[in-house]
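Ligands are counted one by one from 1 in listed order, and the atoms in each one are counted from 1 as well. Numbering starts at 1 and runs along the sequence shown.
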Amino acid sequence: MVQELQAISSVADNAASHVWPQSALRTPSGELQIGKVGVVQLAAEFGTPLFLFDEQDVRMRAREFAHAYLADNIGGQVYYAAKAFLSVAIARWVVEEGLGIDVATGGELAVAIRAGVPGEKLLMHGNNKSADEIRSALEYGVGRIVIDSFDEIVRVAAIATEVNVVAKVLVRATVGVEAHTHEFIATAHEDQKFGLSVAEGDVEEAVRRISKLPSLHFVGLHSHIGSQIFDSAGFEIAAARVVSVAYSIYDTQGIECQEFNLGGGMGIAYLPADDPLSVDAMAIHIRAIVIRECEAVGIPIPSLCFEPGRAIVGRAGITLYEVGTVKKVALDRGERTYVSVDGGMSDNIRTALYGAQYSVALVSRTSLVAPILCRVVGKHCESGDIVVRDAWLPGDLSPGDLIAVAATGAYCRSMASNYNQVPRPPVVSVLDGQSQLVLRRETFEDLLALDPFAG
Ligand SMILES: *Cc1c(COP(=O)(O)O)cnc(C)c1O
């Protein structure tokens with residue numbers, strides 16, 4: 001019964017409001033408003049499916065991160081991880097609020113450049129950056145290149161020489177810790193594609209090679225331990241390992257690490273019960289750990305950098321869908337109601353890809369009809385095309401109703417595809433009663449334009 005009550009009033013209600021954007025409100029008629037704009041009007045103007053971003057929410061999180069990690073003298077740059085969602089507008093918002101941007105491809109770099117983000121505010125990642133990507137980054141003056149392999153040391157050094165710059169580099173360390181939500185595992189053999197192994201001594205060897213190349217300047221170490229992390233335990237182990245490598249580099253090579261970049265991964269609430277540590281609390285814990293570990297071994301405390309993605313944009317975004325068909329399917333016991341929407345795995349692959357869970361609500365009207373167990377599915381030709389596996393939605397849900405899925409700001413539009421030749425949905429931002437197109441909807445013509453035989 002408790003669950004049912006929450007489902008009826010799940011938007012901007014105390015019980016569940018932390019999964020919805022900051023400005024989400026229910027009007028007396030039951031319509032959801034974001035940034036003081038009603039979703040019915042937005043759906044009429046821009047169509048569905050539609051990604052909506054609460055601009056105030058994105059800016060507030062960016063500011064929160066910038067301040068939390070700059071709170072004392074060891075705060076370095078916080079970079080927004082562009083892969084979570086990137087457009088020119090978003091890049092400008094986060095940079096205006098004090099963040100830099102972490103890009104991992106030439107495409108992400110191109111958007112950041114077009115947004116006018118200064119080179120020194122950019123950091124480039126990637127386990128297989130192409131020569132063109134490295135050249136573009138160095139020509140633009142990207143502030144940090146994160147070295148991910150021995151091959152890359154030689155490649156970046158050669159291109160930096162050609163471009164006639166000294167590239168500032170970090171070495172990505174695989175610390176043997178992997179964290180997800182509130183669990184972390186120490187992986188002994190570090191069997192994954194990113195970074196250089198701490199355990200095998202590869203990080204130290206990389207620094208040794210970098211220090212001999214005049215076109216490279218070693219700035220510090222990088223570690224990224226996972227995603228959707230709710231507490232600081234994984235960061236604690238990672239920080240301790242990074243500090244011990246930094247100590248060993250200092251001790252044996254006399255080289256100081258000026259900067260630690262501890263990556264991203266700070267989690268957000270998708271479900272009402274999710275309870276991630278606050279930005280401030282996480283920052284305080286992590287800083288304390290780094291300071292303690294550095295003091296313990298007697299090395300200077302480096303400046304600390306981070307790369308949150310999801311935590312900046314995840315909660316700010318929602319997906320608005322129109323209900324198309326409602327079908328009851330008999331189960332061994334009881335029945336399940338399949339609610340089909342006008343999008344699906346092409347705009348949200350996370351449920352199919354890793355069993356992600358979401359909160360969903362009827363947002364175009366009020367219903368006093370008791371909730372029933374539903375499965376929200378898409379329109380694609382796959383039975384795995386599920387948006388929300390188990391959802392409590394009002395029993396009178398009907399074609400034409402609008403439903404919204406919360407916390408789709410990260411890794412949904414950025415992972416969207418054209419599966420079934422479905423054009424990707426637009427992104428609209430809302431603020432103070434105004435809406436603005438951030439990315440337009442793709443058209444069939446956009447898709448056909450790729451096909452030279454389509455004439
Ligand atoms: C994905 C990623 C991030 C951002 O992760 P979030 O979970 O969105 O915060 C940051 N840094 C690196 C290297 C990444 O791969």
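Asn127 places no side-chain N or O within 3.5 Å of a backbone atom of Phe194 that could act as its donor or acceptor partner. A side-chain donor-acceptor contact under 3.5 Å links Asp274 to the backbone of Leu271.
Compare Met266, Gln228, His125, Lys83 by their heavy atoms: the one nearest to atom 13 (C) of ligand 1 is in His125.
At least one heavy atom of Pro308 sits less than 4.0 Å from an atom of ligand 1. Heavy-atom separations between Ala410 and ligand 1 are all 4.0 Å or longer.
The list of side-chain hydrogen bond (donor to acceptor under 3.5 Å, both in side chains) pairs with a residue in residues 149-171, not counting sequence neighbours, reads Lys129-Glu152, Arg135-Glu162, Thr161-Ser215.
In terms of protein heavy-atom proximity, atom 3 (C) of ligand 1 is closest to His224 CE1, 3.4 Å. Shortest contact from atom 11 (N) of ligand 1 to any protein heavy atom: Glu307 OE1, 2.6 Å.
Between Glu295 and Arg292, none of the side-chain N atoms (NZ, or NE/NH1/NH2) sits under 4.0 Å from a carboxylate O, so this pair counts as no salt bridge.
For the pair Ser227 and ligand 1, the shortest N or O to N or O distance falls below 3.5 Å. The shortest N or O to N or O distance between Gly309 and ligand 1 is below 3.5 Å. Considering backbone and side-chain atoms together, Gly265 places an N or O closer than 3.5 Å to an N or O of ligand 1.
Across all non-hydrogen atoms, the minimal contact from Arg287 to Ala68 is NH1-O, 2.7 Å.
Aromatic pair Phe53/Phe85: ring centres closer than 6.0 Å.
No part of Phe194 comes within 4.0 Å of ligand 1, judged by heavy-atom distances.
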I'd like a table of donor-acceptor pairs (distance under 3.5 Å, sequence neighbours excluded) in which one partner is a side-chain atom from residues 316-323, with atom names and distances.
from: Thr319; atom 1: OG1; to: Thr408; atom 2: OG1; distance (Å): 2.7
from: Tyr321; atom 1: OH; to: Asp347; atom 2: OD1; distance (Å): 2.4

